Asks: 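Before anything else, here's the structure in question.
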Amino acid sequence: MLFLLFQLGKDRYALQASHVIEVMPLVAMKRIPNAARGVAGIFNHRGRPVPAIDLSELTLGTPAVERLSTRIILVNYPDETGTNRPLGLIAERVTETIHRETSDFTEPGLKLTNAPYLGPVLMDRHGCVQWVYEQRLLSDRVRDLLFCELWNKRHEPD
């Protein structure tokens with residue numbers, strides 16, 4: 001299986017590449033007032049507003065550093081009805097992929113109830129890589145607010 005690697009702080013993480021729609025450069029965001037921690041804003045993707053989550057801010061409490069390798073990873077995220085909606089994930093050092101079997105990842109022996117998106121880990125010559133389940137990143141409340149906010153923006157009267 002192919003995985004896309006990225007960093008949060010000094011630690012490496014992986015997303016299943018088959019869940020990635022596109023990796024794109026960091027673009028300007030329209031901030032959403034009073035948004036939850038980690039919500040970077042919305043951006044224009046082919047004429048549609050798409051919400052973006054700053055993975056560093058969401059997980060570590062500090063925004064991602066704007067580097068040449070900081071990217072938006074576009075994934076499908078199910079809304080409250082199960083309909084897939086595009087969601088941008090801002091991450092640093094999105095520069096490589098790895099091929100690994102799912103069996104190469106093992107449970108870390110630690111279960112964090114407030115971080116259900118953290119999966120098993122892989123140990124390699126550079127250290128540890130943790131699998132991130134992108135479908136579990138947002139609480140139901142944040143998911144509903146994000147996608148509801150976008151729906152309302154598209155349907156406001158002129």
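Everything numeric in this text was worked out from a predicted model, so none of it was measured.
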Asks: Which atom names give the shortest non-hydrogen contact between Val142 and Ala36, and what distance separates them?
Replies: CG2-CB, 3.8 Å

Asks: Quick check: does any side chain N or O of Arg31 sit under 3.5 Å from a backbone N or O of Ala40, one acting as donor and the other as acceptor?
Replies: yes

Asks: According to ring pair (Phe, Tyr, Trp, His ring centres under 6.0 Å), does anything in residues 36-71 pair up with another residue at least two apart or in another chain? List the pairs.
Replies: none

Asks: Going by the rule side-chain contact (heavy atoms from CB on, under 4.5 Å), which residues pair with Glu66 if we only count those two or more places apart in sequence or in a different chain?
Replies: Leu26

Asks: Indicate, with yes or no, if Leu55 and Leu5 share a hydrophobic cluster defined by side-chain heavy-atom contacts under 4.5 Å among Ile, Leu, Val, Met, Phe, Trp and Tyr.
Replies: no

Asks: How many angstroms lie between atom CD1 of Ile73 and atom CD1 of Ile90, to the nearest 0.5 angstrom?
Replies: 10.0 Å

Asks: Just so I know, are the side chains of Glu22 and Arg46 near enough to count as touching, which here means a heavy-atom distance under 4.5 Å?
Replies: yes

Asks: Any side-chain heavy-atom pair from Met29 and Ile72 closer than 4.5 angstrom?
Replies: yes

Asks: Where is the tightest heavy-atom contact between Ala91 and Phe6, given as atom of each residue plus distance?
Replies: CB-CD1, 3.7 Å

Asks: Check for me, please, whether Tyr13 and Val65 land in the same ILVMFWY cluster - side-chain distances under 4.5 Å, paths through other members count.
Replies: no

Asks: Please determine whether residues Leu137 and Leu60 belong to a single hydrophobic cluster, defined as Ile, Leu, Val, Met, Phe, Trp and Tyr linked transitively by side-chain heavy-atom distances below 4.5 Å.
Replies: yes

Asks: Test of understanding: clusters of I, L, V, M, F, W, Y form through side-chain heavy atoms closer than 4.5 Å, transitively. Do Met24 and Val50 belong to the same one?
Replies: yes

Asks: With rounding to the nearest 0.5 Å, note down the distance linking CZ in Phe3 to NE2 in His19.
Replies: 9.5 Å

Asks: Enumerate the residue pairs fulfilling side chain to side chain donor-acceptor pair (under 3.5 Å) with a member in residues 49-62, sequence neighbours excluded, ordered by first and then second residue.
Replies: none

Asks: Identify every side-chain donor-acceptor pair in residues 117-131 under 3.5 Å, counting partners at least two apart or on other chains, and give the distances.
Replies:
| unit_1 | atom_1 | unit_2 | atom_2 | d |
| --- | --- | --- | --- | --- |
| Asp124 | OD1 | Arg12 | NH2 | 2.6 |
| Asp124 | OD1 | His126 | N | 2.9 |
| Asp124 | OD1 | Gly127 | N | 3.1 |
| Asp124 | OD2 | Arg12 | NH1 | 3.3 |
| Asp124 | OD2 | Arg12 | NH2 | 3.2 |
| Gln130 | NE2 | Gly119 | O | 2.8 |

Asks: For residues 77-84, dump all side-chain donor-acceptor pairs below 3.5 Å to protein atoms at least two apart in sequence or in another chain.
Replies:
| unit_1 | atom_1 | unit_2 | atom_2 | d |
| --- | --- | --- | --- | --- |
| Tyr77 | OH | Gln135 | O | 3.1 |
| Tyr77 | OH | Leu138 | N | 3.0 |
| Tyr77 | OH | Leu138 | O | 3.4 |
| Asp79 | OD1 | Thr81 | N | 2.9 |
| Asp79 | OD1 | Thr81 | OG1 | 2.6 |
| Asp79 | OD1 | Gly82 | N | 3.2 |
| Asp79 | OD1 | Thr83 | N | 3.1 |
| Asp79 | OD2 | Arg85 | NE | 2.8 |
| Asp79 | OD2 | Arg85 | NH2 | 3.0 |
| Thr81 | OG1 | Thr83 | N | 3.4 |
| Thr81 | OG1 | Thr83 | OG1 | 2.9 |

Asks: How long is the span from the NZ atom in Lys30 to the CG atom in Asn44, to the nearest 0.5 Å?
Replies: 13.5 Å

Asks: Any chain of hydrophobic side-chain contacts (each under 4.5 Å) joining Leu58 to Leu87?
Replies: yes

Asks: Look up atom OG in Ser69 and atom CD in Gln7, then write down how far apart they are to the nearest 0.5 Å.
Replies: 8.0 Å

Asks: Among Val132, Val75, Leu74, Val23, which residue satisfies the side-chain contact (heavy atoms from CB on, under 4.5 Å) criterion with Leu89?
Replies: Val75

Asks: Does any part of the side chain of Thr70, heavy atoms only, come nearer than 4.5 Å to the side chain of Val94, both counted from C-beta?
Replies: no

Asks: With salt bridge (charged side-chain N to carboxylate O under 4.0 Å, His left out) as the rule and sequence neighbours excluded, what pairs involving residues 101-110 come up?
Replies: none

